[in-house]
Amino acid sequence: MSSAPTPIVSNFIRTIIDADLASGKHGNIVTRFPPEPNGYLHVGHAKSICLNFGLAQDYQGKCNLRFDDTNPEKESQEYAQSIQNDVRWLGFEWNGEVRWASDYFEQLYQFAVELTEKGLAYVDDLTPEQMREYRGTLTQAGKSSPSRERSVAENLDLFARMRAGEFADGSMVLRAKIDMASPNMNMRDPVIYRIRRAHHIRTGDVWCIYPMYDYTHCISDALEGITHSLCTLEFEDHRPLYDWVLDNLSIKCHPRQYEFSRLELHYTITSKRKLLQLVNDKHVSGWDDPRMPTISGMRRRGYTPDGIREFAKRVGISKSNNTVDMSVLEGCVREDLEAKAARVMAVIKPLKVVVTNFIEGQTESRVAGFHPQHPEFGERLVPFAKEIWIEADDFSVNPPEGWQRLTVGGEVRLRYSYVLRCDELIKDAAGNVVELRCSIDPDTLGKNPVGRKVKGVIHWLSVEHALPAEIRLYDRLFTVPEPDADKNVDFCTYLNPKSLAVVQGWVEAVVREAASETRYQFERLGYFCTDRYAHLPGKKIVFNLTATLKDTWEK
RNA sequence: UGGGGAGUCGCCAAGUGGUAAGGCAACGGGUUUUGAUCCCGUCAUCCGUAGGUUCGAUCCCUACCUCCUCAGCCA
C-alpha cells in the first residue's frame with residue numbers, strides 16, 4: 001500500500017493456527033477456497049479469498065482452489081473460468097492444479113458404499129413432501145422413515161441401481177443414518193445422494209446421482225489434506241455432520257472446520273441469486289457492470305487488487321455480525337490510487353472561458369508532473385490557449401460563504417498556469433451562463449501575485465487541444481443501506497435510477513493512447529479508469545468513474 | 001418456546017484476572033498551484049444488563065436482555 005500498510009491483526013483463526021503449529025499438530029497449514037461455479041465472485045468472496053490465500057502466504061502453507069461442482073443444474077464453465085480469472089486478478093495463485101469435487105465422484109461413491117455397509121446409510125423413497133413431514137420441526141423430534149430399517153444388502157443393491165440409472169429422478173435418495181431426534185436439523189438423517197439426470201460441466205452424463213454438499217465437502221477437504229476448513233457462520237450447524245461423516249469413514253485425515261462471519265456491505269447486495277436477477281432483468285449490463293459488487297465489476301470500475309486486499313484486512317475476521325459501509329471499500333481504493341494513479345486534467349461539465357488578454361492562435365505549454373509526490377511518474381506538457389474549458393461547477397454567480405472558486409470579479413489559479421480573473425459573463429436567452437470573459441495576470445506563472453493571495457485552484461483544458469471523451473459516472477446501485485432487509489419488498493424497488501450517468505467531457509491529449517484499464521486521477525474530480533471494453537486506444541476514449549476525491553467542502 | 005452462535009468507541013476489531021491495542025470515520029491545527037495528499041493533536045473511568053466470586057473482572061460464575069442462524073433431494 002501507499003504509506004503505512006495496515007498491520008496484521010490477530011483473529012481467532014490465527015490464534016488456532018498458531019496453537020496447532022506450536023503443538024506440532026500440523027507442520028504447515030493447507031486451506032482452500034471452494035466456490036460453486038454457479039455465478040461470479042463478489043466482494044464477500046474476496047474476503048474469503050484474502051483470508052484463505054492470505055493465511056497460506058503468511059504461514060508459508062498452501063491454499064487450494066476447489067470447485068464445489070455437485071449441483072450440475074446451476075453450474076457452468078463460464079463461471080468456473082471467471083472465478084479463476086478473478087482469483088488471479090486479486091493477486092493469488094492456488095496450490096497445484098485446480099481441484100474439482102467432481103474429480104472425487106468415484107471415491108465419494110465408494111465411501112457412500114462403505115457407510116451403507118456399516119449400516120450408516122440407507123436408501124429412502126419418501127417423497128420430498130413426506131420427508132419434510134418426517135423431519136419434524138425445530139421444537140419437535142422427527143420420526144423414522146419406514147425405509148430406515150432396510151437391510152444393508154438391500155440398501156447396497158438399491159444404491160447400486162440408483163447409480164445404474166434404474167430409478168427416476170427424485171424417486172429415491174441415500175440418507176445418512178444418524179438421529180431423527182437430534183435438536184440439530186442437519187443430523188436428522190440428511191440426504192447425501194440424490195438422483196438427477198443433468199448434464200455436468202465436467203463429467204457429462206456419466207453420473208445420474210450426485211452427492212450433496214455436506215457429504216462432499218468434508219471428504220474433499222480430507223482427500224486434499226486440508227488442515228483448516230474455513231467457511232461462514234451459517235455452516236456452524238453443519239460442523240457436527242462434517243465431523244460425523246469423517247469419523248465414520250476410513251479416512252485418516254480429519255480437517256477441522258471453523259466459521260467466521262460473512263461480510264455485509266451497505267448499499268449493495270451480495271446474494272448470488274439476486275445478483276443474477278440484476279443481470280437477467282437487465283438492470284445492469286452484466287456481471288461485470290461497474291456498479292456490481294462482483295470482483296469483475298469492481299475491476300472494471302477501476303478498483304485495484306491492492307485496494308480490495310487492504311479492505312479485507314481492514315474489516316478483519318471475527319464471528320460477530322457486522323455491516324461495513326461502502327465508503328470503507330472506496331477509502332481503501334482511494335488510498336491505493338492516491339499513490340499509484342498518474343494525475344491528469346479533465347473537464348466533465350464544461351464551461352467555456354475566453355481569455356481576452358491572451359493572443360489569438362497562440363499556444364503556451366507548461367510542464368506538469370504526473371504526480372505531486374512522485375517525480376518518477378514523469379511529466380508532460382499542458383498547453384494553454386485563448387479559449388479554455390473550466391468545470392461549470394467551479395463558477396458561481398452568487399457564491400456561497402467560503403467559496404474558493406471563480407465568480408464575477410474574482411480570481412482563481414488555473415492549475416499549473418496563470419491566475420485568472422473573471423471580468424464578465426455571457427448568458428443565453430434563457431439566462432444560463434454560457435461563457436466567461438476572463439483575463440490572466442501575466443506575472444503569475446510559477447509565482448504568486450504580489451499584494452494579494454489567491455486561494456482557489458481550478459483545473460482546465462485548452463479547447464483546441466483537449467480530447468473528447470465519454471465519461472461514465474456511477475453512483476451507488478441502491479438508494480437504501482439495506483436493499484434486501486425487508487423480505488416482503490423486492491430489492492429492485494430500491495434500485496437507484498441515477499446510478500449511471502454518461503456524459504461527454506474533455507481530457508488532456510496525453511491519454512489518447514492509454515490502454516484499457518489505465519487508471520488516472522482527474523485532478524480535483526476523482527479517480528477514473530479507461531473502460532475494459534468500450535475504450536479503444538487512439539480511437540475512442542471511455543472512462544469509468546472509480547471514486548471521487550474526498551471532498552471536505554461539501555455543504 | 002429446541003439447537004447453534006454473537007454482543008468491546010459512529011463502523012470494523014485486538015485484548016487480558018491487575019486496572020481498555022489498532023484501523024476507518026469524526027473533530028481541532030499546520031503544510032499545499034488538487035478544498036486531495038501529507039504532518040501534528042483530540043477521540044471508550046469503560047467492555048449488552050443485573051447480581052455474585054475475588055485484594056482486584058471486560059475477561060470466572062449465575063440470571064436476564066438483544067441480535068444472527070437452522071426444518072432444500074441448494075451450496
Side-chain angles (χ1 to χ4, degrees), chain A residues 2-4 6-7 9-12 34-36 38 68-71 73-74 124 126-128 131-133 135-142 169-175 182-188 190-196 209-210 212-214 216-217 231 233-240 259 261 263 266 272-273 310 313-325 327-328 331-332 334-335 338-339 343 345 368 371-373 402-405 412-419 444 446-448 454-459 521-526 548-554:
Chain A
S2 50
S3 48
T6 302
V9 173
S10 173
N11 60 51
F12 75 99
E36 181 189 9
N38 67 343
D68 243 324
D69 56 342
T70 56
N71 187 10
E73 287 164 314
K74 294 181 176 174
D124 199 355
L126 245 34
T127 64
M131 208 178 275
R132 197 184 317 124
E133 275 178 44
R135 188 154 34 227
T137 68
L138 294 178
T139 51
Q140 288 171 260
D169 282 12
S171 60
M172 42 182 83
V173 296
L174 182 70
R175 290 228 254 172
S182 172
N184 181 346
M185 302 298 281
N186 294 116
M187 301 298 269
R188 319 249 261 228
V191 170
I192 58 178
Y193 265 94
R194 75 278 215 183
I195 303 174
R196 183 86 79 250
I209 55 171
Y210 291 94
M212 299 288 287
Y213 163 85
D214 284 306
T216 308
H217 206 88
C231 61
L233 249 29
E234 64 270 29
F235 290 100
E236 278 178 318
D237 297 343
H238 297 238
R239 194 182 339 123
E259 312 84 13
S261 60
L263 171 71
H266 273 326
K272 270 193 197 171
R273 201 203 95 230
E310 171 63 19
K313 244 188 273 181
R314 261 180 215 184
V315 299
I317 295 294
S318 73
K319 288 175 85 90
S320 51
N321 297 315
N322 61 82
T323 307
V324 179
D325 199 86
S327 61
V328 177
C332 292
R334 254 192 217 111
E335 185 178 299
E338 158 61 29
R343 271 59 167 174
M345 292 196 286
H371 192 111
Q373 278 82 41
W403 182 256
Q404 289 178 18
R405 285 113 96 155
V412 83
R413 159 76 65 181
L414 288 178
R415 179 81 163 143
Y416 304 120
S417 188
Y418 299 98
V419 163
T444 54
K447 60 181 174 183
N448 288 127
V454 176
K455 190 109 193 269
V457 178
I458 65 171
H459 53 95
Q521 181 197 94
F522 286 171
E523 294 203 64
R524 300 209 314 128
L525 291 174
T548 58
L549 249 34
K550 193 165 111 188
D551 182 9
T552 53
W553 163 237
E554 54 202 28

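Naming: A, B, ... by sequence-line order, numbering from 1 per chain. Predicted model, so just to flag it, every value in this text is computed and none were measured.
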Determine the Euclidean distance between corresponding [atom1] atoms of [M] and [N]; express it in Å to zero decimal places.
N      : M      : atom1 : answer
U69(B) : C64(B) : P     : 23 Å
C68(B) : C73(B) : C1'   : 27 Å
C43(B) : G22(B) : P     : 11 Å
U54(B) : U19(B) : C1'   : 14 Å
A6(B)  : C38(B) : C1'   : 40 Å
U45(B) : C11(B) : P     : 15 Å
U31(B) : C24(B) : C1'   : 23 Å
C46(B) : C9(B)  : C1'   : 10 Å

Does [X] reach a base, just sugar-phosphate, or nothing at all? Heavy atoms under 4.0 Å.
X         : value
Ile192(A) : nothing
Ser318(A) : sugar-phosphate
Asp237(A) : base
Thr323(A) : sugar-phosphate
Ser327(A) : nothing
Gly331(A) : nothing
Val191(A) : sugar-phosphate
Tyr210(A) : nothing
Met345(A) : nothing
His238(A) : base

Identified pairing partner of [N], criterion: Watson-Crick or G-U wobble below 3.5 Å:
N      : value
A13(B) : none
A57(B) : none
U42(B) : A26(B)
C64(B) : G48(B)
U1(B)  : none

Taking salt bridge (Lys or Arg N to Asp or Glu O under 4.0 Å) as the test, write out the residues that go with Asp169(A), two or more places apart.
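Salt bridge (Lys or Arg N to Asp or Glu O under 4.0 Å) list for Asp169(A), sorted by chain: Arg197(A).
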Could you check whether Lys74(A) pairs with Glu36(A) (Lys NZ or Arg NE/NH1/NH2 to Asp/Glu carboxylate O, under 4.0 Å)?
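No, no charged N to carboxylate O under 4.0 Å.
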Between Arg314(A) and Glu310(A), is there a salt bridge with N-O shorter than 4.0 Å?
yes
For Tyr418(A), ring pair (Phe, Tyr, Trp, His ring centres under 6.0 Å) partners two or more places apart:
Phe384(A)
His371(A): partners by ring pair (Phe, Tyr, Trp, His ring centres under 6.0 Å), with sequence neighbours left out
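His371(A): ring pair (Phe, Tyr, Trp, His ring centres under 6.0 Å) contacts with His374(A), Phe377(A).
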Under the side chain to side chain donor-acceptor pair (under 3.5 Å) test, which residues partner Asn71(A), sequence neighbours left out?
none
Based on the glycosidic angle (syn within 90° of 0, else anti), state the conformation of G41(B).
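Chi for G41(B) falls in the anti range.
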Please confirm whether the shortest side-chain N or O distance from Thr70(A) to OP1 or OP2 of A75(B) is below 4.0 Å.
yes
Phosphate OP1/OP2 of A13(B): any Arg314(A) side-chain N/O under 4.0 Å:
no
Where the side chain of Val9(A) is defined as all heavy atoms beyond and including C-beta, which of G5(B), C70(B), A14(B) is the nearest nucleotide?
A14(B)
Among the candidates G7(B), G5(B), G2(B), find the nucleotide nearest to the side-chain atoms of Thr139(A).
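Comparing G7(B), G5(B), G2(B) against the side chain of Thr139(A), the answer is G2(B).
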Consider only side-chain N and O atoms of Thr216(A) and Asp68(A), and report whether a donor and an acceptor are under 3.5 Å apart.
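Judged by distance alone, the side chains do not pair up.
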Between the side chains of Ser182(A) and Asn184(A), is a donor N or O closer than 3.5 angstrom to an acceptor N or O?
no
Along nucleotides 29-35 of chain B, 5' to 3', which nucleotides get a B, which get an S, and which get a -, given that the test is a protein heavy-atom distance under 4.0 Å?
----BBB
Quick one: on RNA chain B, does Phe12(A) or Val328(A) contact a more 5' nucleotide (nearest heavy atom)?
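Final value for this comparison: Phe12(A).
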Just jot down the side chain to side chain contact (heavy atoms under 4.5 Å, CB included) partners of Gln404(A), sequence neighbours excluded, or say none.
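Result, side chain to side chain contact (heavy atoms under 4.5 Å, CB included) vs Gln404(A): Lys455(A).
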